[in-house]
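Beneath this line is the structure, given in structure tokens, with notes to follow.
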Amino acid sequence: MSAISNLKFRISNSQLPVAGVALMSGLLAVVLFSGCADVSEAGAGIAQATGVISSDQAQSITRGAQAVEKSWQDLTPEQEYYIGRAVVAQVLQSYAPLDRPQANDYLNLLGQSLAVFSSRPETFGGYHFLLLDSDEINAFAAPGGLILVTRGMVRCCQSEDELAAVLAHEICHVEQKHGLSAIKQGRLTEAFTIVAAESAKQMGGEELASLTEAFEGSVGDVVMTLTTSGYSRKQERSADAAAVALLQRAGYPEAAMITMLERMDERLSDAGGLGFAKTHPSAKSRADALRATISATDSASDPVRQQRFSAAMQPIVASK
Amino acid sequence: MRIRVLAALLAVFAGAALAAPMSVQVRNCKVRGTPSQLGAIVATVDYGAVVQAGAPQKGWYPVTTADGKTGWVHESALSRKPIAMRAGTNDAATGVSSDEVALAGKGFNEQVEAKLRKEGKLDYTWVDRMAAYNISADQLMKFRMQGHLPGGEQ
């Protein structure tokens with residue numbers, strides 16, 4: 001409803017003749033409650049033809065009505081990118097980054113090696129990976145491809161293949177835009193309405209302030225889902241299934257997903273249900289679900305992969 | 001055999017007939033020599049640029065860039081919707097009149113991030129450092145070859 005009042009405010013603020021306001025209100029009722037762009041275009045067209053509103057204003061109404069129907073699926077990769085950056089900035093207020101270049105370089109090589117095989121290899125700013133200095137077992141995928149993995153999560157992995165399974169799961173959350181789906185519709189309606197109502201002029205301070213507010217709310221929704229409430233069970237299962245397919249395309253053994261989940265299950269039981277356990281279905285149930293679809297159980301890692309994994313990650317899991 | 005050649009020719013013509021403008025919706029769009037994730041990069045195209053795209057094959061569009069280069073671009077990098085680069089930008093150059101233009105490229109953008117940075121609400125230091133981790137195509141190929149990972153099949 002905030003978008004409706006916002007649009008009304010915008011129109012009533014645009015110095016229309018008094019007689020026009022009544023007609024405009026009628027038109028707005030048609031536009032906003034019909035939910036049909038054709039009607040809104042016709043209504044705006046009539047108002048414009050009768051001289052009640054200008055061409056710019058007519059376009060604004062048409063666009064505003066269309067904006068109300070837009071959802072998170074309509075966010076462009078660029079918008080997703082800016083949301084993702086802010087999500088990471090906010091998560092980093094609670095989790096310290098791990099400033100270990102060698103380990104982060106390796107994590108990015110491995111991550112890219114998988115991301116190129118994603119069904120969404122190109123995002124606005126690309127995929128990037130960062131380790132977090134936390135013993136909590138957790139990983140976060142911010143919209144657009146910024147992926148964070150804790151030291152505690154790395155401890156659940158005994159090979160490059162198992163770490164690849166963790167990253168593949170997170171990449172699939174990005175691919176399926178699960179982060180964006182956490183944004184409340186009201187905030188997007190607000191944002192889309194502001195953007196759509198803006199005609200051929202630079203966004204004013206007031207619009208920017210409202211847009212920034214909707215942006216902060218959206219970022220907050222995503223962070224809340226990543227760190228506290230978690231994705232739905234269905235989304236987790238979907239990311240697991242897609243991750244297995246991704247591992248396979250990228251040349252990693254699918255079974256690594258199961259061995260990683262089993263190891264995580266053991267460690268999570270020891271950790272008393274913090275971090276990842278709070279936001280994900282139990283690792284055991286996830287492994288069980290996957291076992292039905294994966295025939296191979298052998299996940300013996302290639303010696304070169306094993307060696308480079310240990311060289312990069314042993315120093316960080318051993319310290320502390 | 002003759003039928004197969006004819007069918008192949010028809011497919012090519014159909015592809016050419018279907019060639020339509022598409023906008024690059026990512027910052028640094030890679031045009032590859034082959035329709036493969038590990039195909040050699042033959043050109044890069046900027047955000048918002050328009051390419052002519054033929055019929056897609058398994059997620060890859062054959063494209064021709066504005067300066068005449070040809071290659072393959074993954075569907076995730078392209079959009080049928082035109083991209084308005086900034087608020088108030090005149091899109092006459094791209095011949096675009098769709099209402100969609102109003103929503104693409106605007107909204108949650110750098111203006112919003114700049115405002116948050118200025119107000120000191122979010123610290124982007126590590127976000128920027130993270131985004132600077134870039135892996136070149138050569139590094140990636142080397143990493144995959146050394147690790148005995150396959151060379152780019154779909």
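Model, not experiment: these values are computed from the prediction. Every chain is numbered from 1 and lettered A, B, ... according to where its sequence line falls, protein lines coming before strand lines.
- Among A:Val87, A:Val219, A:Ile183, A:Val174, the single residue meeting the side-chain contact (heavy atoms from CB on, under 4.5 Å) criterion with A:Pro143 is A:Val87.
- Ion pair B:Lys121/A:Glu216 flagged as a salt bridge, since at least one NZ, NE, NH1 or NH2 atom sits closer than 4.0 Å to an Asp/Glu carboxylate oxygen.
- Using a 4.5 Å cut-off between heavy atoms, A:Leu130 contacts chain B through both its backbone and its side chain.
- In this structure, A:Arg308 is positioned above the aromatic face of B:Phe143, its NZ or CZ under 6.0 Å from the six-membered ring centre and within 45° of the axis.
- B:Arg27 has no carboxylate O lying under 4.0 Å from a charged side-chain N of B:Glu110, or vice versa, which leaves the two without a salt bridge.
- There is no contact between A:Leu131 and chain B, counting heavy-atom distances below 4.5 Å.
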### Working for side-chain hydrogen bond (donor to acceptor under 3.5 Å, both in side chains), residues A:Asp161 and A:Ser159
CA-CA 5 Å; A:Asp161 300 0; A:Ser159 65; 4.9 Å; no
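- Neither the backbone nor the side chain of A:Ala142 comes within contact range of chain B, judged by heavy atoms closer than 4.5 Å.
- If you tally non-hydrogen atom pairs under 4.5 Å between each of B:Ala132, B:Cys29, B:Ala131 and chain A, the highest count goes to B:Ala131.
- When heavy atoms are compared at a cutoff of 4.5 Å, A:Gln93 approaches chain B solely by way of its side chain, counted from C-beta outward.
- In this structure a side-chain-to-backbone donor-acceptor pair under 3.5 Å is present from A:Asp74 to A:Ser71.
- In terms of heavy-atom pairs under 4.5 Å with chain B, the best-connected choice from A:Ala89, A:Gly145, A:Ala214, A:Gly111 is A:Ala89.
- Proximity to chain B (any heavy atom under 4.5 Å) is restricted, for A:Ser119, to the backbone atoms N, CA, C and O.
- Taking the six-membered ring for Trp and the full ring otherwise, A:Tyr82 and A:Phe215 have centroids separated by 6.0 Å or more.
- Heavy-atom distances place the side chain of A:Ile83, and not its backbone, under 4.5 Å from chain B.
- Using a 4.5 Å cut-off between heavy atoms, A:Pro121 contacts chain B through both its backbone and its side chain.
- Highest contact tally toward chain B, considering only A:Arg120, A:Gln306, A:His128, is held by A:His128 [criterion: heavy-atom pairs under 4.5 Å].
- With a 4.5 angstrom heavy-atom cutoff, A:Tyr81 touches chain B only via side-chain atoms.
- For chain A, the nearby parts of B:Gln139 are the backbone and the side chain; heavy atoms of each come within less than 4.5 Å.
- Top candidate by heavy-atom pairs under 4.5 Å with chain A, chosen from B:Val24, B:Asn28, B:Thr125, B:Leu116, is B:Leu116.
- Nearest heavy-atom pair across A:Val222 and A:Ala182 is CA-CB, 4.4 Å.
- The most heavy-atom pairs under 4.5 Å with chain B, out of A:Leu92, A:Leu107, A:Thr123, A:Leu75, come from A:Thr123.
- Taking a cutoff of 4.0 Å between a charged side-chain nitrogen and a carboxylate oxygen, A:Arg85 and B:Asp128 qualify as a salt bridge.
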